[in-house]
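Structure, as structure tokens:
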Amino acid sequence: MMITRTKIKDVLKGELINQSVNIKGWVRTFRNNSFIAMNDGSCINNIQAVVNYEHTNPEILKRITPGACLSVTGKLIASQGKGQSVEIVVEQIEIYGDAESDVTKPNSYPLQPKAHSLEYLREIAHLRFRTNTFGAVFRVRHTLAYAIHKFFNDKGFVYLHTPIITSSDAEGAGEMFRVTTLDMKNVPLTDSGDIDFKQDFFGKSTNLTVSGQLEGELGAMAFSDIYTFGPTFRAENSNTARHLAEFWMIEPEMAFYDLNDNMALAEQMLKYVINYALEHNRADIEFLSQRLLDEEKQKPQNERSELSLIEKLDFCLKNDFARITYTEAIEILRESNHNKKKKFQYLIEGWGSDLQSEHERYLVEKHFKKPVILTNYPKDIKSFYMRMNDDGKTVAAMDILFPGIGEIIGGSQREERLEKLESRMKEMHIPIEEMSWYLDTRRFGTCPHAGFGLGFERLVLFVTGMTNIRDVIAFPRTPNNCEF
RNA sequence: UCCUUCUUAGCUCAGCUGGUUAGAGCACAUGACUGUUAAUCAUGGGGUCCCUGGUUCGAGCCCAGGAGAGGGAGCCA
């Protein structure tokens with residue numbers, strides 16, 4: 001009789017003890033010609049399937065190699081060994097797919113039963129899901145994505161799908177990728193010698209979106225509360241461990257919210273999703289936490305983290321984020337011993353200039369030692385749509401800074417007053433005519449509103465303790481790299 | 001884009017001041033063992049020292065250019 005397949009996660013619960021079970025998955029290791037460690041991705045743990053090698057065809061045994069895909073049927077029993085509570089006594093093995101283990105042969109399975117560097121695994125990103133670390137990372141990533149949807153859904157937010165192809169280039173959030181069907185070898189030109197986009201697919205110049213915020217504001221002016229969660233594209237030539245050319249962003253936009261409401265929502269959301277991941281992916285996060293501890297054992301004492309990953313996440317949940325204005329931040333930095341001893345590479349020059357990464361890191365990691373929300377930045381270093389404060393010098397912006405990540409959220413109360421918005425756009429040379437659809441929100445029933453953007457991969461970085469953003473997205477796109 | 005470090009076996013890395021036949025651990029193969037936990041033990045095979053050019057009697061090592069990767073910065077999420 002055929003037994004239906006059970007996922008390894010469920011088999012490991014032990015409820016099916018003394019019953020026949022069928023599992024399907026990939027071999028991690030095969031020890032002692034007897035013990036197959038199998039994983040099907042349903043959880044971090046493997047199940048041990050025990051083969052009686054004396055009664056099994058040696059040709060079959062030879063094909064049980066790391067990476068091979070098997071279907072195993074047998075009785076689930078209490079394990080005699082120490083590493084696991086239950087194991088399967090193999091009665092039947094079907095090999096779905098072999099994996100060549102001999103590294104001297106071409107096309108051998110590149111994952112060996114040993115530690116590999118993250119850089120090496122990045123080169124074989126199509127197979128790295130099969131490792132403990134990346135299995136854990138991508139299960140956590142999934143849970144965070146689900147938690148974000150659940151958080152907003154439970155609050156009555158509408159999930160708005162903003163366009164991926166846009167014609168607006170006024171956002172100014174970054175360099176854009178062009179979308180075109182024009183023949184690159186024979187680009188049509190106008191009489192004046194410019195590219196004739198009238199002949200392009202959309203009859204105008206188009207790009208991949210750098211932000212769904214402006215469209216999001218349109219939704220908020222009808223549904224009150226909306227959020228977007230989609231891919232975002234920036235053609236910046238930035239090569240860092242925190243930037244991608246293609247990344248996922250969450251952008252809520254709320255009518256009748258001021259800056260304080262905005263901050264409160266952002267903090268509540270971050271804590272909700274971190275807590276959700278801790279509750280639903282405990283084993284994965286514990287594995288990642290232990291992984292970091294093992295890694296840090298190689299470092300000198302003074303370079304090790306004060307808190308483990310789990311402790312860091314718990315700490316973040318239990319403490320209020322620090323909230324300070326830009327002006328107060330400048331004061332703290334100016335008065336710091338670090339600045340007085342000239343330890344900053346960029347000394348604090350005074351009010352008005354943007355903070356450098358080292359300054360943000362000092363505030364978060366040395367001074368407050370917890371997440372920090374910076375507010376009310378000088379208008380000249382922020383975007384046109386941010387609401388002007390009464391001082392005429394600052395805007396109602398907020399950035400949330402996380403330890404080890406830097407800016408994880410950027411947001412603001414939006415400028416809802418038409419005249420002020422238009423004059424700001426003129427100052428910053430934003431083409432007002434092209435943005436007429438956006439300005440309609442201010443013409444027809446405008447209201448105070450606010451929103452923010454959360455870089456999803458940066459959140460995943462924080463929760464998994466990974467340090468390179470290329471290791472928390474399945475197939476990273478960065479300058480000069482678009483593999484798979 | 002800028003600064004900086006690196007590139008040696010399938011993987012992770014040693015390789016002294018430029019000097020004979022380039023090493024280790026793991027992996028892999030073969031054999032032994034058989035309740036293991038990345039099993040253990042023995043034996044064995046395995047190298048375009050990233051590429052191109054130069055200096056030198058002699059280059060893995062020095063110089064120039066190029067490619068790729070890591071870390072930092074800028075831009076930001």
Side-chain angles (χ1 to χ4, degrees), chain A residues 27-37 45-54 61-62 65-66 77 79-84 87 89 100-124 131-132 171-175 210-213 231-251 266 298 344-346 354-361 381-383 399-402 405-411 452-462 467-471 473 478-481 483:
Chain A
V27 176
R28 287 292 175 81
T29 62
F30 184 34
R31 287 185 295 271
N32 227 356
N33 232 357
S34 305
F35 306 100
I36 315 170
N45 296 114
N46 303 327
I47 189 146
Q48 175 158 288
V50 188
V51 189
N52 185 332
Y53 65 92
E54 286 170 323
L61 292 176
K62 273 173 88 170
T65 59
I77 61 160
S79 178
Q80 300 170 35
K82 280 177 185 162
Q84 56 284 317
E87 64 190 16
V89 185
E100 177 58 64
S101 64
D102 187 342
V103 294
T104 65
K105 290 181 180 161
N107 296 320
S108 63
Y109 187 59
L111 292 172
Q112 301 165 9
K114 68 188 286 284
H116 292 293
S117 67
L118 295 175
E119 289 81 15
Y120 173 67
L121 293 172
R122 212 171 286 152
E123 290 171 17
I124 49 169
T131 63
N132 288 331
E171 172 71 17
E175 290 296 312
V210 293
S211 164
Q213 181 202 313
T232 309
F233 307 88
R234 305 261 170 101
E236 305 284 353
N237 188 12
S238 54
N239 280 290
T240 79
R242 290 178 298 281
H243 290 86
L244 290 164
E246 177 183 293
F247 63 100
W248 288 67
M249 189 151 67
I250 296 100
E251 292 179 290
Q298 329 228 332
F344 285 126
Q345 199 181 340
Y346 297 87
D354 211 347
L355 298 178
Q356 307 288 321
S357 305
E358 58 174 345
H359 302 142
E360 296 181 348
R361 218 177 306 128
I381 58 173
K382 286 292 177 183
S383 305
D399 283 359
I400 302 189
L401 311 177
F402 262 36
I405 314 283
E407 185 180 341
I408 195 168
I409 279 180
F452 60 84
L454 165 69
F456 184 55
E457 281 75 18
R458 290 187 180 175
L459 174 67
V460 182
L461 272 184
F462 182 72
T467 51
N468 193 313
I469 201 161
R470 293 158 203 198
D471 294 331
I473 188 165
T478 52
N480 275 312
N481 180 13
E483 292 302 309

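All chains are named by letter (A, B, ...) in the order of the sequence lines, taking the proteins before the strands, and each is independently numbered beginning at 1. Side-chain atoms are counted along with the backbone in the values below, which use heavy atoms only and exclude waters and symmetry mates.
Set against B:rA69, B:rC75, B:rG72, the side chain of A:Glu236 has B:rC75 as its closest nucleotide. The nucleotide whose nearest atom lies closest to any side-chain atom of A:Asn32 is, among B:rU12, B:rA73, B:rC33, B:rC33. Checked against B:rA38, B:rU1, B:rU34, the side chain of A:Asn237 finds its nearest nucleotide in B:rU1. Distance from the side chain of A:Gln112 is smallest to B:rC11 among B:rG74, B:rC11, B:rC75. Set against B:rU37, B:rC76, B:rC28, the side chain of A:Val103 has B:rC28 as its closest nucleotide. Distances were taken from every side-chain heavy atom of A:Asn468 (C-beta onward) to each of B:rC75, B:rG70, B:rU1; the shortest belongs to B:rG70. Here B:rA73 is the nucleotide among B:rA73, B:rU12, B:rU30 with the atom lying nearest to any side-chain atom of A:Thr240. Checked against B:rC33, B:rA69, B:rG74, the side chain of A:Arg122 finds its nearest nucleotide in B:rA69.
The base of B:rC76 sits with one of its N or O atoms less than 3.5 Å from a complementary donor or acceptor on the side chain of A:His243. A donor N or O paired with an acceptor N or O is found under 3.5 Å between the base of B:rU37 and the side-chain atoms of A:Gln84. Counting distance only, with no hydrogens placed and no angle test, the side-chain atoms of A:Gln80 and the base atoms of B:rU36 include no donor-acceptor pair under 3.5 Å. The base of B:rG68 has none of its N or O atoms less than 3.5 Å from a complementary donor or acceptor on the side chain of A:Glu123.
Across all strands, A:Lys82 comes closer than 4.0 Å to base atoms (heavy-atom distances). Using a 4.0 Å heavy-atom distance criterion, A:Leu459 is classed as making no nucleic acid contact. Here A:Leu244 lies in heavy-atom contact (under 4.0 Å) with a base. Using a 4.0 Å heavy-atom criterion, one finds that A:Glu251 contacts no nucleic acid atom at all. Among the atoms of the strands shown, base atoms are found under 4.0 Å from some heavy atom of A:Ser238. Within the 4.0 angstrom heavy-atom criterion, base atoms lie near A:Gly81. Backbone-only engagement by A:Tyr346 is indicated by non-hydrogen atom pairs under 4.0 Å involving sugar-phosphate atoms exclusively. Looking at heavy-atom distances under 4.0 Å, A:Ser79 makes contact with a base. At the heavy-atom level, A:Tyr53 lies under 4.0 Å from base atoms of the strands shown. Within 4.0 Å (heavy atoms only), A:Ala37 reaches no atom of the nucleic acid at all.
What separates CD of A:Gln48 from P of B:rA38 is a distance of 11 Å, to the nearest Å. In this structure, the CG atom of A:Asp102 is 15 Å from the C1' atom of B:rC26, given to the nearest Å. Atom CZ of A:Arg242 is separated from atom C1' of B:rG72 by 9 Å (rounded to the nearest Å). Computed from coordinates, the A:Glu54 CD to B:rU34 P distance equals 9 Å when rounded to whole Å. If you take CG of A:Leu111 and P of B:rC28, they are 12 Å apart, rounded to a whole angstrom. In this structure, the CG atom of A:Asn480 is 7 Å from the P atom of B:rA69, given to the nearest Å. Between A:Asn33 atom CG and B:rG35 atom P the separation is 12 Å, expressed in whole Å. As rounded to whole Å, 14 Å separates atom P of B:rU40 from atom CZ of A:Phe35.
Looking at A:Asn32, its side chain never comes within 3.5 Å of a backbone N or O of A:Ser34 through a donor-acceptor pair.
Counting only heavy atoms from C-beta outward, the side chains of A:Leu244 and A:Glu457 approach each other to under 4.5 Å.
The separation of B:rC62 from B:rA24, taken at their P atoms, amounts to 24 Å, rounded to a whole angstrom. Nucleotides B:rA42 and B:rU52 are separated by 45 Å at their C1' atoms, to the nearest Å. Across the P atoms, B:rC11 and B:rC28 are found 14 Å apart, a figure rounded to whole Å. Atom P of B:rA59 sits at a distance of 11 Å from the matching atom of B:rU55, rounded to the whole Å. The same atom, P, is picked in B:rU17 and in B:rC63; the two are 14 Å apart, to the nearest Å. Distance noted for atom C1' between B:rG74 and B:rU12: 33 Å (whole Å). Separation of the C1' atoms belonging to B:rG66 and B:rG19 is 29 Å when rounded to the nearest angstrom. Between the P atoms of B:rC61 and B:rU20, the separation comes to 14 Å (whole Å).
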Original post:
How does RNA chain B read in dot-bracket, base by base from 5' to 3', with Watson-Crick or G-U pairs under 3.5 Å and | used when the partner is on another strand?
Top reply: (((((((..((((.....[...)))).(((((.......))))).....(((((..]....))))))))))))....

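Of the residues near RNA chain B, A:Trp248 and A:Lys114, the one whose nearest nucleotide (by heavy atom distance) lies more toward the 5' end is A:Lys114. When each of A:Ser34 and A:Thr467 is assigned the nucleotide of RNA chain B with its nearest heavy atom, A:Ser34 is the one assigned upstream, toward the 5' end.
A salt bridge links A:Asp399 with A:Lys382: the distance from a Lys NZ or Arg NE/NH1/NH2 to an Asp or Glu carboxylate oxygen falls below 4.0 Å.
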**OP:** Any chance you could lay out the side-chain contact (heavy atoms from CB on, under 4.5 Å) test for A:Leu461 and A:Phe402, step after step, and finish with the verdict?
**Re:** CA-CA 11 Å; A:Leu461 272 184; A:Phe402 262 36; over 6 Å; no

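Here the options are A:Val50, A:Thr29, A:Val51, the test is side chain to side chain contact (heavy atoms under 4.5 Å, CB included), and the partner is A:Ile36; only A:Val51 passes.
Taken from NE2 in A:His359 to CZ in A:Phe344, the straight-line distance is 5.0 Å, to the nearest 0.5 Å. In this structure, CD in A:Gln84 is found 10.0 Å from CG in A:Asn46, a value given to the nearest 0.5 Å.
At the phosphate of B:rU36, neither OP1 nor OP2 sits under 4.0 Å from any side-chain N or O atom of A:Arg31. The side chain of A:Ser357 contributes an N or O atom lying less than 4.0 Å from OP1 or OP2 of B:rG74. Between A:Thr29 and B:rU37, a side-chain N or O to OP1/OP2 separation shorter than 4.0 Å is absent. Neither OP1 nor OP2 of B:rA73 sits under 4.0 Å from any side-chain N or O of A:Gln356.
Using a 3.5 Å distance cut-off with no hydrogens or angles, the side chains of A:Arg28 and A:Asn132 do pair a donor with an acceptor. A:Glu246 and A:Thr232 share no donor-acceptor pair across their side chains, judged by distance under 3.5 Å alone.
Atom CG of A:Asn52 sits in a crowded spot, with more than 12 heavy atoms from other residues, nucleotides or ligands closer than 6.0 Å.
Of all heavy-atom pairs spanning A:Glu407 and A:Glu360, the tightest one is N-OE1, 4.3 Å. Nearest heavy-atom pair, A:Arg234 versus A:Val210, reported as atom, atom and distance to 0.1 Å: NH2-O, 2.7 Å.
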